[in-house]
Amino acid sequence: MTHCSLALEVSFAERVLRGSVRLRVQRLDRNAPLLLDTRDLEIQGVQCGGAAVHFELGPRDRILGSPLSIDLPSETQEVEIHYSTKPEASGLQWLNPEQTAGKRHPFLFSQNQSIHARSWIPLQDSPGVRITYDARITAPPNLCVLMAARERDASNRFRMDLPIPPYLIAIAIGDLDFAPLGPRTGIYAEPPVLATAAGEFADTERLVEAVERLYGPYRWGRYDLLVLPPAFPFGGMENPCLTFATPTVIAGDKSLVSLVSHELAHSWSGNLVTNATWRDFWLNEGFTTYLENRIQEEVYGKEQALMEQVLDRREIEKDLREFAPADQILHIDLAGRDPDEGCTRVPYIKGALLLRQIEQAVGRPAFDRFLRSYFDHFAFESITTTTALDYLRRELDHSVPLEEWIFEPGLPQRAPRAVSARLEIAAAAAKNFATGNLAAKDLPAKEWNTQEWLEFLRVLPRPLASVKLAELDGAWHLTEIGNYEILDEWLLMAIETEYQPAFARLERFLIDIGRTKLLKPLYTALMKRDQGKRFAREIYTKARPGYHAITRTALDKILLL
Ligand code: BES
Ligand code: ZN
């Protein structure tokens, strides 16, 4: 498959997309049928050169969906499939007006990674495949249609002329406005959030300039952000030219902008050089997490970068204490599993630590030169761990135990450990507050950002006594805080202590927010307590219809449904 041409009509009333896709294919074997991935699609017909051809939809696999087998005439290079999606398509989320900031218009967005493209487009849904695409979307005229594409016109035609893996095709439709941030950067958001979002992400152009200095030219033209409603199931998604982002990173002080640095970094690691299979996912996320931190250092300074590293390291160590050994391996075996299950902190943080150790071994200038050549060498290719490793061995000489890092569980002995002066102050404050030597009102927290608050809260003994929570709340109003990362940690502590004054906010949080990473710890903690279990089930019944299919799958496991 080399090109995909979409013509789709959007029905918000029915929650379906309906229309056709034309696929251009390269015939490697002229006698073989064309096998496409689908999940929950209604196939109305398949044509080659205007004539109907025979097709067959195979049995539905729980993870992979149903194979669509098409008998292509031997000369054919193009096939057209007429189809429609189902309301439960795992790659689409349809929001009611109540789930948006404006409360007046519905909203639709896609999320294809890892293998959800097949739930709204029949295609070869593998990251090892690269295609260009164009699309013509028919939608209600009062709504704005966006796609991850290089070109867009006034009649909702889109064109992506650079070859991308299908998991990067993306669409969003809603009541959206635009504000420019720089010459090639800008932001889309619902009108009520646009100004705040534009302020928070005002440094975006500088971030692009910083990566370009480090790793070479940005090759995708524009870099825009789309801030989605809070039901968006992830922090961010690196859809090319148009990063999708949760509004929960709008902290007010830019302290969660690392999300933009991360998604932007994917324009090199991930979108330019892509993991060929999902077991090579660490090539996308480990490289990106490393790049993200380098960008943060360039734009916000060493200390900010170190704070982020210290927090990451504590999280990965916690996970490694709990994960089965097989799930601690960068080159993870996903046979028989849903590739979304490979999306843990291991490929991200362990992957980044590996790269940081190589950086320290060969020196930063040599490692930067290596990364730049890696991106140039494999630009617009999908590669496996083996290919990346061969290249690394050929280009760089060092004694980092690559095999151990990539094929064995745990963290190697000499994994780099960051230290942050600012976080040490926050940690010391936590200890003094816990022992009663420091009153909540006397904490040096006036200027603390997200990282310092998280460090403080995470170092406190757990469960923290109810009076201590009340004292903190009285002095710093944490139950009412607008920073969702801090609030998440705070609500977790409230659950552990059964601190009732925070439960109304907890309920609102669980209903409004769909970001899986923030929800999981809260439901998990609730389910560990008898009282909490009842509360969790009650809220979940209300909240579940508003969650994304991916979030529901993750939470159903916790709620034991
Ligand atoms: N590409 C990922 C999101 C993803 C991974 C979606 C796997 C589906 C399957 C994105 O770049 C990402 O890593 N997002 C993070 C934020 C980041 C700052 C760590 C997230 O959503 O938490
Ligand atoms: Zn990522």
Side-chain angles (χ1 to χ4, degrees), residues 63 90-91 93 109-117 119 125 127 148 164-170 201 207 225-228 230-240 242-251 255-275 277-296 305 308-309 311-312 315-316 319 332 334 337-352 355 450-451 454 484-485 488 513-521 548-551 553-554:
I63 297 166
S90 64
Q93 189 173 11
F109 64 85
S110 67
Q111 166 57 46
N112 283 1
Q113 197 178 10
S114 306
I115 54 169
H116 302 281
S119 74
D125 194 9
I164 57 165
Y167 76 87
L168 291 176
I169 301 174
F201 302 125
L207 298 175
L225 299 170
L226 165 62
V227 177
L228 289 133
F232 186 60
F234 292 101
M237 179 63 212
E238 66 272 26
N239 297 132
L242 185 67
T243 281
F244 284 21
T246 172
T248 61
V249 291
I250 302 177
S255 59
L256 294 173
V257 164
S258 60
L259 178 107
V260 179
S261 297
H262 180 97
E263 305 314 335
L264 170 64
H266 274 307
S267 307
W268 285 258
S269 44
N271 300 3
L272 190 60
V273 181
T274 308
N275 50 211
T277 80
W278 292 119
R279 76 179 304 194
D280 308 304
F281 183 56
W282 78 276
L283 293 181
N284 275 20
E285 298 300 343
F287 277 63
T288 294
T289 303
Y290 172 83
L291 261 59
E292 163 199 334
N293 199 257
R294 292 294 306 279
I295 302 167
Q296 287 293 103
E308 292 171 8
Q309 286 181 34
L311 290 173
D312 271 2
E315 296 293 288
I316 189 68
D319 287 351
I332 187 172
L334 289 170
R337 298 175 75 178
D338 184 331
D340 285 346
E341 283 181 34
C343 185
T344 69
R345 277 190 274 251
V346 171
Y348 289 77
I349 304 179
K350 184 177 174 181
L355 298 194
T450 307
Q451 287 74 33
L454 288 179
Y484 284 86
E485 293 270 359
D488 197 46
I513 309 297
R515 187 176 171 194
T516 321
K517 186 195 100 170
L518 298 182
L519 293 174
K520 262 172 121 171
H548 192 284
I550 300 173
T551 313
T553 305

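Ligands are counted one by one from 1 in listed order, and the atoms in each one are counted from 1 as well. Numbering starts at 1 and runs along the sequence shown. Please read these numbers as outputs of a predicted model, since none were measured by experiment.
Between Tyr167 and Ser114 the shortest side-chain heavy-atom distance does not fall below 4.5 Å.
His262 and Thr288 share no side-chain donor-acceptor pair at under 3.5 Å. Remark: the Arg515 side chain and the Thr246 side chain contain no N/O donor-acceptor pair separated by less than 3.5 Å. Side chain to side chain, Ser258 and Gln296 fail the donor-acceptor criterion of an N or O pair below 3.5 Å.
Partner of Pro233 under the side-chain contact (heavy atoms from CB on, under 4.5 Å) criterion, out of Thr551, Leu228, Ile513: Thr551 alone.
When you scan the N, O or S atoms of His266 for the one nearest the Zn ion (ligand 2), you land on NE2. The Zn ion (ligand 2) lies closest to atom OE1 when only the N/O/S atoms of Glu285 are considered.
Contact shell of ligand 1 (protein heavy atoms, cutoff 4.0 Å): Gln111, Gln113, Ser114, Phe234, Gly235, Gly236, Met237, Glu238, Leu259, His262, Glu263, His266, Phe281, Glu285, Cys343, Tyr348.
Remark: Glu485 engages Lys517 in a salt bridge, criterion side-chain N to carboxylate O under 4.0 Å.
Between Phe109 and Phe244, the ring centre distance reaches or exceeds 6.0 Å.
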